Every structure is written in structure tokens, then in C-alpha cells.
Undergrad: 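Encoded as C-alpha cells, here's the structure I'll be asking about.
Small disclaimer: the values here were computed from a predicted structure and weren't measured. Values below: all heavy atoms of this structure, side chains included; hydrogens, waters and symmetry mates excluded.
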Number of protein chains: 2
Amino acid sequence: MIDQNIKIAVDGIVFGYEKGILYVLAVQQRFGKLTNQWVLPGGFVKDDEPLLAAVERELKEEAGITVNYLEQLHTFGDDIHRDDRFRVISVAYFALVNPQNFVLKADTDAKDAKWFPVNQLPALGYDHSDMVKLAHQRLKNKLTYQPIGFDLLGEEFLFSDLENLYCCILERDIDRRNFRKKILSFGIVNETDKVVKIGASGRPGKLFTFDKLKYNQLMKENFQFDIRFA
Amino acid sequence: MIDQNIKIAVDGIVFGYEKGILYVLAVQQRFGKLTNQWVLPGGFVKDDEPLLAAVERELKEEAGITVNYLEQLHTFGDDIHRDDRFRVISVAYFALVNPQNFVLKADTDAKDAKWFPVNQLPALGYDHSDMVKLAHQRLKNKLTYQPIGFDLLGEEFLFSDLENLYCCILERDIDRRNFRKKILSFGIVNETDKVVKIGASGRPGKLFTFDKLKYNQLMKENFQFDIRFA
DNA sequence: CCAAAAGTGTTTGCCCTACACCCATGT
DNA sequence: ACATGGGTGTAGGGCAAACACTTTTGG
């Protein structure tokens with residue numbers, strides 16, 4: 001048996017989007033040296049637990065959520081003192097969720113769980129602020145070449161929601177007509193016959209749904225999703 | 001202290017390119033159950049060793065090489081029996097090297113170290129074949145949006161080398177004129193005044209060098225490297 | 001003079017960009 | 001009727017794609 005004394009943890013950077021604001025989920029620690037400090041949800045991996053299962057469990061336990069999209073981001077293990085108790089290597093996961101689907105609840109190790117606007121995030125414990133920075137970059141990049149924006153929206157959404165999401169995350173203006181034209185040309189959203197009105201006034205808009213099956217089909221045929229606007 | 005009994009390892013997927021063929025580095029195990037089995041270079045992380053340092057050390061020890069490019073690829077830890085002795089999580093690294101820079105030598109744990117053409121790679125031990133597949137995909141993708149092809153070539157190279165590298169890795173034909181035009185338009189390669197002739201006949205070609213400084217400068221100014229040809 | 005590889009411009013068509021007005025609803 | 005947000009078409013320019021001949025060297 002190898003003599004090695006390193007512990008392994010997972011952490012989740014969970015993004016949520018609502019009404020023009022991008023949020024990140026953080027939890028407040030209840031125990032240990034960093035009590036009351038805000039950190040990312042996460043924890044140690046169990047001996048017989050796959051990494052993915054570990055993140056999913058932690059997100060459930062610490063904040064009561066189940067995500068729409070989850071992928072491995074990066075493993076943090078170059079700073080051997082990133083946790084000052086003992087050596088911990090953390091596998092960070094990038095996740096997307098529609099915040100409206102959940103009421104946050106902190107049950108196990110977390111005192112509190114809360115959404116923070118990305119741009120008003122307090123300094124987090126450990127190297128978690130770096131993780132958020134990296135994940136935020138990944139989100140920006142990935143949004144342009146993979147249809148992950150839909151995982152931040154509900155099942156049904158207005159075109160303006162989608163457009164605002166892109167504007168907000170990519171931090172630039174988008175031409176409404178060109179955007180709609182492009183998305184529709186992909187053929188991966190379906191128009192429903194429902195119309196809704198959001199604010200107090202204004203014309204109601206049609207609801208759309210993302211057609212994941214169609215997207216998967218297209219991917220097999222060398223389709224390339226790509227949104228890049230000036 | 002947390003009760004956890006998981007070991008952590010690193011593995012390297014090292015690509016080399018020479019004369020129209022893409023190679024991967026593998027080593028033959030000298031000890032243990034998988035003796036004589038080909039696997040990727042790698043090994044356990046030391047308690048006080050950053051992950052990056054661990055891969056670099058293993059590549060040096062097991063094959064005597066130092067790479068041009070190294071980045072984290074993915075952490076393999078979902079299959080809890082990927083190593084059947086005990087639970088091991090492996091952080092896989094993606095690396096590029098110019099094979100002409102090194103004579104492979106296997107000194108420590110490895111019986112032998114050898115370059116295999118990617119398309120004629122034997123089945124590797126553990127889940128290392130999956131790692132190679134993933135790394136190969138990463139290489140193909142990254143080649144189109146980051147100038148990492150240069151890390152597979154020597155300091156000086158012919159334009160035809162670069163072109164063939166792209167052809168070979170992306171597995172499609174490239175129009176020589178359009179390719180040269182595009183690369184030159186980026187302004188990230190410099191023409192030297194040297195000319196060399198490769199085969200027995202044919203017109204000698206000019207040597208070029210990659211201008212990394214210029215590239216880094218351009219990156220700060222919102223430059224986007226991008227090679228995608230029909 | 002023939003074979004082999006390097007070097008070089010132009011035309012065409014498509015897609016991205018830019019841009020402004022009408023429509024449906026609530027107050 | 002006005003304010004608010006939804007919905008729509010077109011013209012021009014730039015860039016990528018397609019394409020073939022000349023040059024230099026060795027045998």
C-alpha cells in the first residue's frame with residue numbers, strides 16, 4: 001500500500017440566472033475554523049463514492065438543490081496549503097440551475113445557503129474565489145459554442161429572456177433581430193402556442209422550449225452551435 | 001481528521017508529432033500485477049508535492065522528457081474500481097512535446113518507454129485508453145482556437161510542416177494558399193533567412209519561428225486565434 | 001528535362017452586420 | 001393615446017472558399 005496522506009474533496013460552483021442577474025450559490029460554514037465564512041458547497045468524497053455522486057450529494061445536503069447541468073471544471077491541488085488543516089485536493093464542478101426551481105435550504109453542515117450576484121460576491125474561504133473566477137470564465141466561453149444557456153432558464157422561456165441572458169453573461173449588447181434569426185436558424189427551439197405577459201404593460205410574448213433531442217441529433221450530423229456577436 | 005482512504009495519482013498523455021504521424025507516449029510497467037502492460041506515464045503524488053510538479057517528475061523519471069506544453073485534462077474518479085488494488089483517483093494531464101528533442105529512456109519504474117502512433121495504440125492498462133481518447137479530442141479542438149501546434153514542432157519549421165500537422169491531426173485536407181494567408185495574417189510567425197531542403201529533391205523552403213511574445217501581446221488586445229477550414 | 005516540393009492572387013458567394021418601424025397589450 | 005416590450009426584413013461589405021500555374025532544386 002502506498003504511503004500517502006492527502007484528502008480529496010469536491011466543490012460545486014453553481015450558477016443561477018434570474019431577471020438579468022447571474023448568481024452564484026454559496027453556503028455559510030457552521031463548524032470549524034472558518035465558521036460563518038462563506039464558501040462554495042462541497043465536502044469530502046466517501047471511499048466508495050464516485051466523484052460526480054459526491055458533488056450531487058453535497059449540493060443536495062448543503063443547499064437542497066439538483067442541477068440541470070454539471071461538468072468537471074478543474075482540480076485544485078497545486079497549492080499544498082490551500083486548506084491549512086492538512087492537505088486537501090479539490091475537484092471543482094461547474095453547474096447550472098434555474099433558481100426558480102428551488103427554495104434554498106441549508107440542512108446538514110451549512111448554516112445558511114444563499115445566492116450572490118456574481119459581481120457582488122464576498123471573498124470566499126479557501127481558494128474558492130479562484131474557483132468562481134475560473135467557472136465564470138468557462139460559462140462565458142461555453143455559452144458561445146454550446147447551448148447551455150437553456151439550463152439556466154425554465155422549461156419554457158421568452159425569446160427576450162434568452163437574449164437578456166446572453167447580454168448579461170457576455171456583457172455586451174446583442175442585436176435582437178440577428179440573435180433571433182440565428183437561434184431560429186439552428187432549429188433547436190420550438191415555439192409553443194402559449195403567450196405570456198411579464199410586466200405591467202407591453203405586448204405578450206410567445207413561449208419557446210429548447211429541443212434537446214433535436215440538438216443531440218444535429219450534433220451527430222456535424223452541426224456546430226455558435227453564437228458570437230459584435 | 002477525516003477518515004478517508006483514497007489515493008491520488010497523476011498521469012500524462014504526451015503527444016509527439018513527426019513526419020505526418022501523431023504519437024502518444026506509453027511506458028511498460030516493470031512491477032505489480034500489470035507487469036509488461038503498456039500504460040501512460042504517471043504515478044502517485046507525494047504529500048508535499050503540487051500536482052503539476054508530480055506529473056513533471058513522473059515524465060522525467062519514467063521517460064526522461066520535459067514537455068513544451070502541459071495542462072490539466074480531467075480527473076478520473078467516477079469508476080471506483082479503475083485500479084483494482086484500492087481506490088485511486090487520477091488527475092490526467094495533457095502534454096505536447098517535440099519528440100526530436102529527446103531520446104526516450106526508462107529509468108525508474110518503467111521497463112521501457114515508447115512512442116506509439118495514436119492510430120495504432122495497443123490497449124492500455126487501467127482506464128488509460130479513455131484518457132488518450134479524451135486527450136486526443138482535446139488536441140483536435142484546441143488546435144483550432146489556440147496556437148498549440150507550434151509546441152509539437154521544433155523551434156524552426158517549414159510552412160509545410162505546420163500545414164501537414166494540421167492536416168494530419170484534424171484529419172482533413174487544407175488549402176495551402178488559404179492556410180498560409182491566414183497564419184501570416186495573424187502576424188505570430190516570423191520568417192527567418194534560413195532555407196532548408198528536406199527530401200532528395202524539390203525546392204528548399206524558408207524556415208519560420210513562432211513568435212510567442214507577439215502572440216501574448218495580441219491576446220491582451222482581444223485577438224482571437226482561429227483556424228477552421230473546409 | 002523531369003520530378004518534387006515551395007511559393008503565390010484573384011474571383012465568387014455567403015454570412016454577418018447594421019439598421020427602424022409596426023404590433024399587441026395595459027393604464 | 002401613450003408607454004412598454006414583442007416581433008419582423010433588407011441591403012452592403014468583408015471574409016472565407018475555391019481554384020492553377022510558376023519557381024527552385026536534384027537527379
Side-chain angles (χ1 to χ4, degrees), chain A residues 18-20 143-145 153-154 156-168 170 172-209 218 222-230, chain B residues 18-20 143-145 153-154 156-168 170 172-209 218 222-230:
Chain A
E18 205 169 7
K19 297 193 185 105
L143 207 57
T144 67
Y145 66 87
L153 297 172
E156 299 179 317
F157 52 87
L158 294 169
F159 232 102
S160 58
D161 291 334
L162 188 62
E163 186 199 321
N164 287 327
L165 186 149
Y166 271 83
C167 278
C168 160
L170 299 180
R172 51 182 149 115
D173 290 341
I174 289 180
D175 182 279
R176 193 149 42 104
R177 283 170 289 193
N178 292 339
F179 182 76
R180 173 184 276 250
K181 218 182 310 172
K182 182 141 203 172
I183 295 282
L184 289 178
S185 77
F186 294 152
I188 55 175
V189 295
N190 296 324
E191 191 176 318
T192 68
D193 47 3
K194 299 179 204 160
V195 279
V196 293
K197 172 180 44 68
I198 297 295
S201 72
R203 173 175 173 175
K206 285 193 191 122
L207 287 172
F208 290 79
T209 57
L218 286 170
N222 253 347
F223 165 74
Q224 177 67 320
F225 180 86
D226 190 26
I227 297 283
R228 280 186 271 201
F229 285 107
Chain B
E18 205 169 8
K19 297 191 185 110
L143 207 56
T144 67
Y145 66 88
L153 297 172
E156 299 179 316
F157 52 87
L158 294 168
F159 231 102
S160 57
D161 291 335
L162 189 61
E163 185 200 321
N164 287 327
L165 185 150
Y166 269 85
C167 278
C168 160
L170 299 180
R172 51 182 149 114
D173 289 343
I174 289 179
D175 182 278
R176 193 147 40 102
R177 285 169 289 193
N178 292 337
F179 182 76
R180 174 185 275 250
K181 219 181 308 172
K182 184 141 201 172
I183 296 281
L184 289 178
S185 78
F186 293 152
I188 55 174
V189 295
N190 295 324
E191 190 175 318
T192 68
D193 48 3
K194 299 179 204 162
V195 280
V196 293
K197 171 182 42 71
I198 297 294
S201 72
R203 173 176 173 173
K206 289 196 189 112
L207 286 172
F208 290 81
T209 58
L218 287 170
N222 254 346
F223 165 74
Q224 177 66 321
F225 181 86
D226 190 26
I227 296 284
R228 279 185 270 200
F229 284 107

Undergrad: For the pair made of NZ in A:K194 and P in D:dG6, what is the distance, rounded to whole Å?
TA: 18 Å

Undergrad: Taking atom P of D:dC15 as reference, at what distance in whole Å does atom CZ of A:R228 sit?
TA: 15 Å

Undergrad: Does A:F225 form a side chain to side chain contact (heavy atoms under 4.5 Å, CB included) with A:I188? I'd like the steps, not just the answer.
TA: CA-CA 10 Å; A:F225 180 86; A:I188 55 175; 3.8 Å; yes

Undergrad: For A:F159, enumerate each residue passing the ring pair (Phe, Tyr, Trp, His ring centres under 6.0 Å) test, keeping only those at least two apart in sequence or located in another chain.
TA: A:F208

Undergrad: Can you tell me the distance, in whole Å, between the CG atom of A:L158 and the P atom of C:dT25?
TA: 14 Å

Undergrad: How long is the line joining CZ of B:R176 and P of D:dT22, in whole Å?
TA: 15 Å

Undergrad: Write down the distance between CG (A:N164) and C1' (D:dT4), rounded to a whole number of angstrom.
TA: 14 Å

Undergrad: Is there side-chain contact between B:L207 and B:V195, with heavy atoms separated by less than 4.5 Å?
TA: no

Undergrad: Taking only N/O atoms, report every protein-nucleotides 1-3 of chain D pair under 3.5 Å with atom names and distance.
TA:
none

Undergrad: Within residues 177-190 of chain A, which residues have any heavy atom lying less than 4.0 Å from an atom of DNA chain D?
TA: A:R177, A:R180, A:K181

Undergrad: Please examine the side chains of A:L218 and A:F186, heavy atoms only from C-beta on, and report whether any two atoms are closer than 4.5 Å.
TA: no

Undergrad: What residue pairs, at least two apart or across chains, pass side-chain hydrogen bond (donor to acceptor under 3.5 Å, both in side chains) with a residue in residues 194-207 of chain B?
TA: B:E156-B:K194, B:E191-B:K206

Undergrad: Take atom CZ of A:R203 and atom C1' of C:dT25, then tell me their distance rounded to the nearest Å.
TA: 9 Å

Undergrad: So, taking the atom named CG in B:N178 and the one named CD1 in B:I183, what distance separates them when rounded to the nearest 0.5 Å?
TA: 11.5 Å

Undergrad: What is the separation between atom CD on A:E163 and atom P on D:dG7, rounded to the nearest whole Å?
TA: 10 Å

Undergrad: Output all residues satisfying ring pair (Phe, Tyr, Trp, His ring centres under 6.0 Å) with A:Y166, sequence neighbours left out; order by chain, then residue number.
TA: A:F179

Undergrad: Roughly how many Å is it from CG in B:L162 to C1' in C:dG7, rounded to a whole number?
TA: 16 Å

Undergrad: Would you compute the distance between atom CG of B:D161 and atom NZ of B:K19 and round it to the nearest 0.5 angstrom?
TA: 10.5 Å

Undergrad: For A:S160 and B:K197, take the nucleotide of DNA chain D holding the closest heavy atom to each; which residue's nucleotide lies nearer the 5' end?
TA: A:S160

Undergrad: List the residues meeting ring pair (Phe, Tyr, Trp, His ring centres under 6.0 Å) with B:Y145, not counting sequence neighbours, and say none if there are none.
TA: none

